[in-house]
Student: 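Questions regarding the structure given below will be posed in turn.
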Protein chains: 2
Amino acid sequence: METEKQERIINAALKEFAQKGYEKASTNEIVKEARISKGLLFHYFKTKKDLFLFLYDFCIEILLNEFFRKIDVMEKDILIRLRQMTLLKFDLIRKHPEMFDFLMVAYGEDSDDIKKELDERNKGHIATGFKMLFAEFDASKFREGMDIPKAIEVISWTLEGFSKKQQEKIKLVPLNKIDYESILAEMDLYLELLKKCFYR
Amino acid sequence: METEKQERIINAALKEFAQKGYEKASTNEIVKEARISKGLLFHYFKTKKDLFLFLYDFCIEILLNEFFRKIDVMEKDILIRLRQMTLLKFDLIRKHPEMFDFLMVAYGEDSDDIKKELDERNKGHIATGFKMLFAEFDASKFREGMDIPKAIEVISWTLEGFSKKQQEKIKLVPLNKIDYESILAEMDLYLELLKKCFYR
DNA sequence: AAAGTAATCGACCACATTGGTCAATTAAAG
DNA sequence: CTTTAATTGACCAATGTGGTCGATTACTTT
């Protein structure tokens with residue numbers, strides 16, 4: 001099958017699911033957007049559920065792989081590591097916005113039809129990866145008497161809050177002229193502030 | 001009309017809208033849950049839209065009023081003020097969880113049918129209230145050379161992140177035995193940490 | 001060229017659900 | 001006893017659903 005048609009189907013489906021969630025998403029809309037017939041869609045994916053779960057695995061595979069491949073586990077400075085993770089996240093959103101949106105919606109999905117399958121898959125991903133990200137950092141950089149786990153949480157929440165704020169701003173601007181440099185610079189101001197507070 | 005029946009209708013509608021959003025919410029489900037006839041619902045609220053907007057105004061009135069009535073605008077210590085606001089939010093969620101959930105969903109609603117009306121209303125609320133909350137605090141408490149607006153954002157994001165974390169925990173526990181004291185105590189640890197960093 | 005096979009189509013289906021109506025019944029008030 | 005208000009639920013046209021299937025097209029293989 002031509003890869004271009006494949007892409008059309010995948011993109012159409014991602015978009016539809018991301019926009020409306022599993023149940024409200026319409027296979028009719030998907031085939032319309034992908035410019036294929038109803039029959040073809042159900043020829044390749046036997047059911048709506050199959051389609052959804054295929055997309056899920058597909059996106060996880062790509063996004064998570066890219067994330068873990070690029071991350072530098074040798075970096076022992078937790079502040080830099082968190083900064084790096086945030087940057088990676090930004091990149092993924094920029095490069096694969098549809099996949100990212102889809103996964104976000106899938107994560108919050110609670111339709112009985114797919115909940116079980118989704119939970120199973122998540123156990124693997126979440127448990128496997130995200131513990132590793134905070135392991136073996138250099139605790140000696142923190143000030144004495146500092147509650148380090150709490151400090152790390154504060155940093156994470158700050159980065160998260162900042163990201164969300166930027167994400168909302170970006171939605172209102174034409175994509176071609178977004179000044180990533182200045183966003184990055186601003187983020188570093190927050191990190192500098194926290195560094196002065198938390199580090200020796 | 002009996003207040004008890006009123007409450008049944010309101011609660012049923014809040015629950016349904018909060019659960020499924022405006023469009024997916026079913027008037028049939030609402031009347032079933034409220035144990036009234038279809039006709040009666042549309043006798044009081046001419047359309048689904050009317051019902052939704054009534055609920056919105058109803059909840060805003062109650063929750064926002066309660067919030068602004070209880071908040072102490074004389075408190076000049078921004079850390080204490082933010083702490084207070086978080087506590088108030090906790091209280092509101094505990095006392096009116098359905099209303100809170102409903103407003104959260106309503107806030108993210110983007111159905112064409114109601115978007116216009118919702119935006120109009122929001123302009124008023126958001127603009128009016130939330131600027132005031134950060135006005136006239138005592139900036140002299142901060143360390144010299146500190147970027148105060150950024151510091152305040154960090155505090156806000158921390159409180160937000162902490163709240164969300166607790167909210168998720170709470171969902172998994174039977175409501176009767178939640179230890180609010182210890183949650184509060186833990187929150188104060190974060191605030192203490194930030195105070196040491198940001199204040200003189 | 002013929003035969004076979006895989007890709008593709010779109011009309012069609014049975015079914016569920018929707019927001020909303022309305023003539024009729026019951027309950028309350030004057 | 002009459003008037004008025006509250007309340008019912010069967011009913012409606014419309015829309016949309018996920019999925020099927022026999023027919024058609026396009027491509028290979030013989």
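Being a predicted model, the structure only gives us computed values, none of them experimental. Just so it is clear: chains get the letters A, B, ... in the order the sequence lines come, proteins before strands, and each one is counted from 1. Just so it is clear, the values below take in all heavy atoms, side chains as well, and ignore hydrogens, waters and symmetry mates.
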Student: Hey, does A:K32 reach any base, or is it just sugar-phosphate, or nothing, if we go heavy atoms under 4.0 Å?
Tutor: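 Counting heavy atoms under 4.0 Å across all strands, no contact is made by A:K32.
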
Student: Which nucleotide in the set C:dA7, C:dG20, D:dT7 lies at the smallest distance from any side-chain heavy atom of B:E2?
Tutor: D:dT7

Student: Which nucleotide sits closest to the side chain of A:K48: D:dG19, C:dA7, D:dT8?
Tutor: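 Closest of the options to the side chain of A:K48: D:dG19.
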
Student: State, to 0.1 Å, how close B:L118 and B:A106 come at their nearest heavy-atom pair, and which atoms those are.
Tutor: CD2-O, 3.4 Å

Student: Under 4.0 Å: is that the gap between some side-chain N or O of A:N28 and OP1 or OP2 of D:dT17?
Tutor: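 Yes.
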
Student: Once you round it to whole Å, what is the distance between P of C:dA23 and NE2 of B:H43?
Tutor: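 Between P of C:dA23 and NE2 of B:H43: 16 Å.
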
Student: Can you check the B:F52 CZ to C:dG19 C1' distance for me, whole Å?
Tutor: 16 Å

Student: At what distance, to the nearest 0.5 angstrom, does CG of B:L40 lie from CZ of B:R35?
Tutor: 13.5 Å

Student: So does B:K5 get a side-chain nitrogen or oxygen closer than 4.0 Å to the phosphate oxygens (OP1/OP2) of D:dT7?
Tutor: yes

Student: Whole angstrom is fine here: how far is it from CG in A:L40 over to P in D:dA26?
Tutor: 15 Å

Student: Roughly, in whole Å, what's the span from CG in B:L41 to P in C:dT21?
Tutor: 12 Å

Student: Taking for each residue the nucleotide of DNA chain D bearing the nearest heavy atom, is the 5' side occupied by B:I36 or by A:A25?
Tutor: B:I36

Student: Got a donor-acceptor contact below 3.5 angstrom from the B:R83 side chain to the B:D188 backbone?
Tutor: no

Student: Let me know the distance between CD of B:E23 and C1' of C:dT17, rounded to the nearest Å.
Tutor: 14 Å

Student: Does D:dG16 have its OP1 or OP2 closer than 4.0 Å to a side-chain nitrogen or oxygen of A:S26?
Tutor: no

Student: Can you measure B:R35 atom CZ to D:dT7 atom C1' for me and round it to whole angstrom units?
Tutor: 15 Å

Student: Let me spell it out: for each of A:K46 and A:E29, pick the nucleotide of DNA chain D with the closest heavy atom. Which residue's pick is nearer the 5' end?
Tutor: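 With A:K46 and A:E29 compared, the 5'-side residue is A:E29.
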
Student: What nucleic acid atoms does A:F45 come within less than 4.0 Å of, heavy atoms only: base, sugar-phosphate, or nothing?
Tutor: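 A:F45: no heavy atom of the nucleic acid under 4.0 Å.
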
Student: Establish, with yes or no, whether the OP1 or OP2 oxygen of C:dG10 is under 4.0 angstrom from a side-chain nitrogen or oxygen of A:S37.
Tutor: no

Student: Measure the distance from CG on B:D113 to P on C:dT18 and round it to the nearest whole Å.
Tutor: 16 Å

Student: Strictly under 3.5 Å: I want the nitrogen or oxygen pairs between protein and nucleotides 10-15 of chain D, one per line.
Tutor:
none

Student: Within the 4.5 Å heavy-atom criterion, are B:E153 and A:F162 side-chain neighbours or not?
Tutor: no

Student: Roughly how many Å is it from NZ in A:K20 to C1' in D:dG16, rounded to a whole number?
Tutor: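 Atom NZ in A:K20 sits about 11 Å away from atom C1' in D:dG16.
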
Student: To the nearest 0.5 Å, tell me how far A:K24 NZ sits from A:E29 CD.
Tutor: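 Going from the NZ atom of A:K24 to the CD atom of A:E29 covers 12.0 Å.
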
Student: Please identify each residue that fulfils side chain to side chain donor-acceptor pair (under 3.5 Å) with B:N122, with sequence neighbours left out.
Tutor: B:Y56

Student: By nearest atom, which of the nucleotides C:dA7, C:dT21, D:dG18 is closest to the A:F42 side chain?
Tutor: D:dG18

Student: Decide whether a cation-pi geometry holds between B:K141 and B:Y199; the criteria are a distance under 6.0 Å from NZ or CZ to the six-membered ring centre and an angle within 45° of the ring axis.
Tutor: no

Student: Ring centroid separation for B:F102 and B:F52, is it under 6.0 angstrom?
Tutor: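 Aromatic pair counts; centres sit under 6.0 Å.
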
